[in-house]
Undergrad: 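Could you have a look at this structure, given as C-alpha cells, before my questions?
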Amino acid sequence: MTFDGFETLAIHAGQEADAETGAVVLPIYQTSTYAQDGVGGLRGGYEYSRTANPTRGALEECLAALESGTRGLAFASGMAAEDTLLRAIAGPGDHVIIPGDAYGGTFRLFSTVLQRWGVAWEAVPQSDPEAVRRAVRPETVAIWTETPTNPLLNISDIEALAGIAHDADALLVVDNTFASPYLQRPLTLGADVVVHSTTKYLGGHSDVVGGALVVTDPELGERLAFHQNTMGAVAGPFDAWLTLRGVKTLGVRMDRHCANAERIVDELGRHPEVSEVFYPGLADHPGHAVAARQMRGFGGMVSFRLRGGEEAALKVCERTSVFTLGESLGGVESLIEHPGRMTHASTAGSPLEVPADLVRLSVGIESADDLVADLVKALDG
Ligand SMILES: *Cc1c(COP(=O)(O)O)cnc(C)c1O
C-alpha cells in the first residue's frame with residue numbers, strides 16, 4: 001500500500017496487522033531477548049531489545065515517515081535523545097550554537113554535562129539568521145535551533161539556518177517538539193536532524209516520557225543507531241506503544257490545539273492585566289511571516305506577561321481550575337505554569353533568564369469556552 005497523507009501515515013506507517021494473529025494493533029513486545037534457531041540464527045532479525053525491539057521499531061518507522069526522514073530512533077526521554085545525538089556529533093574542542101532562549105533542560109545539558117566534557121557552546125538569539133552566521137567558528141559542528149522556542153515562542157528560519165550550517169560544514173539540528181511534524185517538517189526545509197520530546201504533542205496524553213531523533217542521511221542514521229545501542233537510553237516497549245497510540249491522533253489533536261490557542265490569544269490581547277502576548281500566529285509577532293511560511297498552523301503554546309509583575313503572574317497560575325498548574329506541555333489537558341520559577345528556573349542569572357512576569361500556557365483540547373472563562377476569571381482575580 002502506498003499513501004502519503006499525514007494522518008494515514010500516522011495510523012499505518014510501521015504498523016501492519018500482525019501476520020500471525022491478525023491483531024490490528026501492534027503488540028507490546030515486552031521481551032528483552034529472542035530465541036535463536038542455531039547460533040546466530042535470528043528469526044526476525046532481533047537478538048536483544050536494547051539493540052532492537054519490534055514495538056520500538058514500529059514507532060521509529062512511523063516517526064521517520066511523519067518527519068519525511070529515512071531513519072527514526074526512539075529514546076527513554078527527550079533529554080536522552082539530545083545527549084545521545086550530541087555524543088555522536090560533538091566531542092571535546094567542538095562548538096555548538098544554541099538558541100538564546102533554549103528549552104531549560106537543553107541549556108542545562110550544554111552548560112553542565114557537555115561543558116565539562118569539553119564541548120563549547122554559545123547561546124545566540126536566532127530570529128536573525130545573520131547573528132547566527134556571525135557566531136559560527138571553525139570548530140562549530142552544529143547549529144541547534146528550536147522553533148517556536150520555549151517559552152517565548154520566537155521563530156527561526158529553518159531554511160536560512162540550514163544554509164548557514166551547511167556553508168560551515170556543520171549540521172542543523174531542529175528541536176521540533178513545540179510544532180510537531182503535523183505543523184512543521186524541518187528535514188524538508190534542509191535540516192539534518194530533528195529532535196523530539198515525544199513526551200509532549202507526539203505522545204499527547206501526558207502519560208509517557210520519551211524522545212526521538214529523525215534524520216534523512218542514512219549514514220548519520222547508522223551512526224546515531226550505533227550510539228543509541230552503545231549508550232543504551234532506549235524507549236521501553238510499553239512506552240513506545242503508548243507513544244505510537246498517541247501519534248495516531250496527532251493531526252486532529254493539533255488542529256484543535258491551534259484553534260483553541262487562537263481563541264485564547266484573542267481574549268488575552270483584550271485583557272487589561274495582560275501587557276504582552278507571545279504567539280507566532282499574531283500578525284505583529286516578529287516571526288509571523290517566517291512561521292506562516294514554514295508551519296501549517298501556529299501551535300498550542302501561548303505565553304503572556306502581566307502588568308502586575310511576578311506576583312500577579314504567580315497568582316494567575318494558582319487561580320485557574322481547568323488549566324492545571326504543572327510543568328510539561330502538549331497533552332490533551334490544558335496546563336499553566338510560571339517559567340521563571342518552574343521549567344526555566346535553571347536559567348536564572350544567565351543570559352537565558354526569562355521575565356519574572358511571564359506565564360506559559362499549554363492549551364489543551366477541552367471546550368474553548370471553558371478555557372477562556374477559566375483564564376478570564378483567574379486574570380480578573
Ligand atoms: C520537554 C522538552 C525537552 C526534553 O524532553 P524530555 O522528554 O522531558 O526529556 C526538550 N525540548 C523541548 C522543547 C521540550 O519541551
Side-chain angles (χ1 to χ4, degrees), residues 56 59 63 67 72-87 96 98-114 121 123 126 142 144-156 158 173-184 186 191 193-214 228 231-236 239-240 242-243 246-247 250 254 257 278 280 295 299-303 326-331 335-337 339 342-347 352 354 358 360-364:
R56 189 179 94 220
L59 172 63
L63 294 177
E67 285 287 2
L73 297 162
F75 294 86
S77 69
M79 293 317 302
E82 292 190 17
D83 188 36
T84 305
L85 168 66
L86 286 159
R87 305 289 169 160
V96 181
I98 68 170
D101 57 349
Y103 169 70
T106 301
F107 170 73
R108 185 174 52 198
L109 179 65
F110 276 96
S111 64
T112 59
V113 176
L114 287 163
W121 57 276
Q126 298 182 340
W144 186 287
T145 196
E146 267 178 57
T147 181
T149 61
N150 178 13
L152 291 173
L153 288 312
N154 285 316
I155 299 294
S156 57
I158 295 171
V173 178
V174 179
D175 183 333
N176 203 27
T177 299
F178 266 41
S180 89
Y182 181 70
L183 298 182
Q184 172 173 281
V193 185
V194 164
V195 175
H196 275 288
S197 169
T198 57
T199 313
K200 316 295 168 53
Y201 288 106
L202 285 163
H205 296 74
S206 306
D207 53 10
V208 59
V209 170
L213 300 175
V214 185
Q228 180 194 40
M231 294 173 68
V234 295
D239 287 0
L242 277 173
T243 307
V247 164
L250 180 66
M254 288 316 294
H257 282 297
F278 302 88
M295 300 176 79
M301 299 302 296
V302 178
S303 293
E327 300 200 356
S328 196
L329 60 109
L335 298 172
I336 189 166
E337 68 122 358
M342 295 169 64
T343 49
H344 289 64
S346 66
T347 64
L352 282 76
V354 294
L358 189 75
R360 188 189 78 176
L361 304 176
S362 171
V363 179

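Every number for a ligand or one of its atoms is a count from 1 in the order of the listing.
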Undergrad: Mind listing the closest non-hydrogen atom pair of Thr198 and Gly211 along with its distance?
TA: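 Heavy atoms of Thr198 and Gly211 come nearest at OG1-N, 3.2 Å.
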
Undergrad: I want to know if ligand 1 touches Thr199 in the polar sense, i.e. an N/O pair below 3.5 angstrom.
TA: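 Yes, at least one N or O pair falls under 3.5 Å.
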
Undergrad: Please report the shortest heavy-atom distance between Gln184 and Thr147, naming the atom on each side.
TA: NE2-O, 2.9 Å

Undergrad: What protein heavy atom is closest to atom 4 (C) of ligand 1, reported as residue, atom name and distance in Å?
TA: Tyr103 CE2, 3.4 Å

Undergrad: Please compare Asn150, Asp175, Leu109 and report which has the shortest non-hydrogen distance to atom 13 (C) of ligand 1.
TA: Asp175

Undergrad: For Ser77, counting its heavy atoms only, list the atoms of ligand 1 lying under 4.0 Å from any of them.
TA: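 This gives 7 (O), 9 (O) as the contact atoms.
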
Undergrad: May I ask you to list the atoms of ligand 1 that are less than 4.0 angstrom from any heavy atom of Gly210?
TA: 7 (O)

Undergrad: Is there a polar contact, in the sense of an N or O pair closer than 3.5 Å, between Glu146 and ligand 1?
TA: no

Undergrad: Got a list of side-chain donor-acceptor pairs under 3.5 Å for residues 106-114, not counting sequence neighbours?
TA:
unit_1, atom_1, unit_2, atom_2, d
Thr106, OG1, Glu82, OE1, 2.9
Thr106, OG1, Glu82, OE2, 3.0
Ser111, OG, Phe107, O, 3.0
Thr112, OG1, Arg108, O, 2.6

Undergrad: Flag Met79 as yes when one of its N or O atoms lies below 3.5 Å from any N or O atom of ligand 1, and as no otherwise.
TA: yes

Undergrad: Give a yes or no answer on whether the side chain of Ser77 reaches the backbone of Gly210 with a donor-acceptor pair at less than 3.5 Å.
TA: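 No; judged by distance alone, with no hydrogens or angles, the pair does not exist.
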
Undergrad: Could you tell me which non-hydrogen atom of Ser362 sits nearest to which non-hydrogen atom of Tyr201, and how far apart they are?
TA: OG-OH, 4.4 Å

Undergrad: Suppose I only count heavy atoms of Glu82 and a 4.0 Å limit; which atoms of ligand 1 are within that range?
TA: 10 (C), 11 (N)

Undergrad: Just by modelled atom types, is the Ala74 backbone N or O under 3.5 Å from a matching donor or acceptor in the Gln228 side chain?
TA: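 Such a contact is found between Gln228 side chain and Ala74 backbone.
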
Undergrad: Short list, please: which atoms of ligand 1 are under 4.0 Å from a heavy atom of Gly78?
TA: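 Listed by number with element: 5 (O), 6 (P), 7 (O), 9 (O).
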
Undergrad: List for me each residue that meets ring-ring contact (aromatic ring centres under 6.0 Å, His included) alongside Phe178, sequence neighbours excluded, and say none if there are none.
TA: none

Undergrad: With the threshold set at under 4.0 angstrom, would you say Ser328 reaches ligand 1 through any of its heavy atoms?
TA: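 Under 4.0 Å: no for Ser328.
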
Undergrad: Distance to 0.1 Å, residue and atom name: give those for the protein heavy atom nearest to atom 1 (C) of ligand 1.
TA: Lys200 NZ, 1.4 Å

Undergrad: Verify, without hydrogens or angle tests, whether Thr149 (side chain) and Asn154 (backbone) share a donor-acceptor contact under 3.5 angstrom.
TA: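 Side chain of Thr149 to backbone of Asn154, a donor-acceptor pair under 3.5 Å: yes, one is there.
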
